[in-house]
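Just below is one structure, and these are the notes that go with it.
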Amino acid sequence: MSVYLRIMLIVLVTSAITPGVAAATPQEMAVVINLAGKQRMLTQKMSKEVFLIALDIDVEANTKNLHNTSALFDKTLKGLLHGDKDLGLVGTTDPKIVHQLKIVDGLWISFKTNIDAVLGGDKSGPVLEKIAKENLPLLTEMNKAVKMYEQSL
């Protein structure tokens, strides 16, 4: 095997086992941390929009906003895990961050079910209670992911 091939093999193997955000430049990491942090705000924004809808305040506009906020949270979460060119996100390979993002994803699945119910017109007490109850855990777990990104710098 040539020296060049050996070096390439070592680089490939080493990069495959080195945890972190996939070859992220400082600018890419800034985008990752910024958008990960924004996820926390989006959880609060969705809850506010839900309760404005439930109170019959500008229902049409708040329903549209809720749809857009939910879609952005979902797209960003997937982008943090797998990368997203449109958002300028590189996916992470750090096993601890991946694990944390999967915790967030599990909470998001349940939260999103209730958001989708509101988008479908369900403003019942049980749906609103679940959103109120699940909002803080989603925010808290996303905050843990943000801190992990910050510590990885």
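Computed from heavy atoms alone, side chains included, the values below leave out hydrogens, waters and symmetry copies.
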Rounded to the nearest 0.5 angstrom, the CD1-OG1 distance for Ile53 and Thr63 is 3.5 Å
Does NZ belonging to Lys45 count more than 12 external heavy atoms closer than 6.0 Å? yes
Pairs meeting criterion salt bridge (charged side-chain N to carboxylate O under 4.0 Å, His left out) with involvement of residues 134-153, two or more places apart: Glu141-Lys144, Lys147-Glu150
Taken to the nearest 0.5 Å, the spacing of Leu80 CG from Asp105 CG works out to 11.0 Å
List for me each residue that meets side chain to side chain contact (heavy atoms under 4.5 Å, CB included) alongside Lys64, sequence neighbours excluded, and say none if there are none. Asn68
All heavy atoms of Ala54 vs all of Leu128, minimum pair found to be CB-CD1, 3.7 Å
Evaluation steps, side-chain contact (heavy atoms from CB on, under 4.5 Å), between Met41 and Lys38: CA-CA 5 Å; Met41 179 273 299; Lys38 187 176 178 181; 3.7 Å; yes
Main chain of Ala30, side chain of Asn34: is a donor-acceptor contact present, judged purely on distance under 3.5 Å? no
In terms of heavy-atom contacts, Ser47 and Ile131 come closest through OG-CG2, 3.7 Å
Could you state whether Leu66 and Val59 fall into the same hydrophobic cluster, counting links through intermediate Ile, Leu, Val, Met, Phe, Trp or Tyr residues with side-chain heavy atoms under 4.5 angstrom apart? yes
Is there a side-chain contact (heavy atoms from CB on, under 4.5 Å) between Val104 and Gln39? Walk through the geometry before answering. CA-CA 10 Å; Val104 172; Gln39 291 290 84; over 6 Å; no
For Leu107 and Pro137, which heavy atoms make the closest approach, and how far apart are they? CD1-O, 3.6 Å
Using the test side chain to side chain contact (heavy atoms under 4.5 Å, CB included), find all partners of Ser70 that sit at least two apart in sequence or belong to another chain. Met46, Trp108, Lys112, Ile115
Atom pair CG/CG of Asn65 and Leu52 - distance to nearest 0.5 Å: 9.0 Å
Would you check if the side chain of Thr113 reaches a backbone N or O of Ile109 as a donor-acceptor pair within less than 3.5 Å? yes
Lys133 vs Lys130 side-chain heavy atoms within contact, under 4.5 Å: no
Here the gap from Asn143 atom CG to Arg40 atom CZ, rounded to the nearest 0.5 Å, amounts to 5.0 Å
Could you verify whether a donor N or O on one side chain and an acceptor N or O on the other, from Thr92 and Asp94, lie under 3.5 Å apart? no
Is there a continuous path of hydrophobic side-chain contacts, each under 4.5 Å between heavy atoms, that joins Leu139 to Met142? no
Check whether any side-chain N or O of Asn135 sits under 3.5 Å from a backbone N or O of Thr43 as a donor-acceptor pair, and report yes or no. yes
More than 12 heavy atoms from other groups under 6.0 Å of NZ on Lys123: yes
If you round to the nearest 0.5 Å, how far is OH of Tyr149 from CG of Leu35? 10.0 Å
Take Val31 and Leu89 through the test side-chain contact (heavy atoms from CB on, under 4.5 Å) and record every step on the way to the result. CA-CA 7 Å; Val31 171; Leu89 288 172; 4.1 Å; yes
From Leu87 atom CG to Lys78 atom NZ, the distance as rounded to the nearest 0.5 Å: 12.0 Å
Met29 side chain near Ser152 side chain, heavy-atom distance below 4.5 Å: yes
So which heavy atom on Leu101 is nearest to which on Ala145, and how close? CD2-CB, 3.9 Å
Would the distance check show the side chain of Glu28 and the main-chain N or O of Gly88 forming a donor-acceptor pair, the cut-off being under 3.5 Å? no
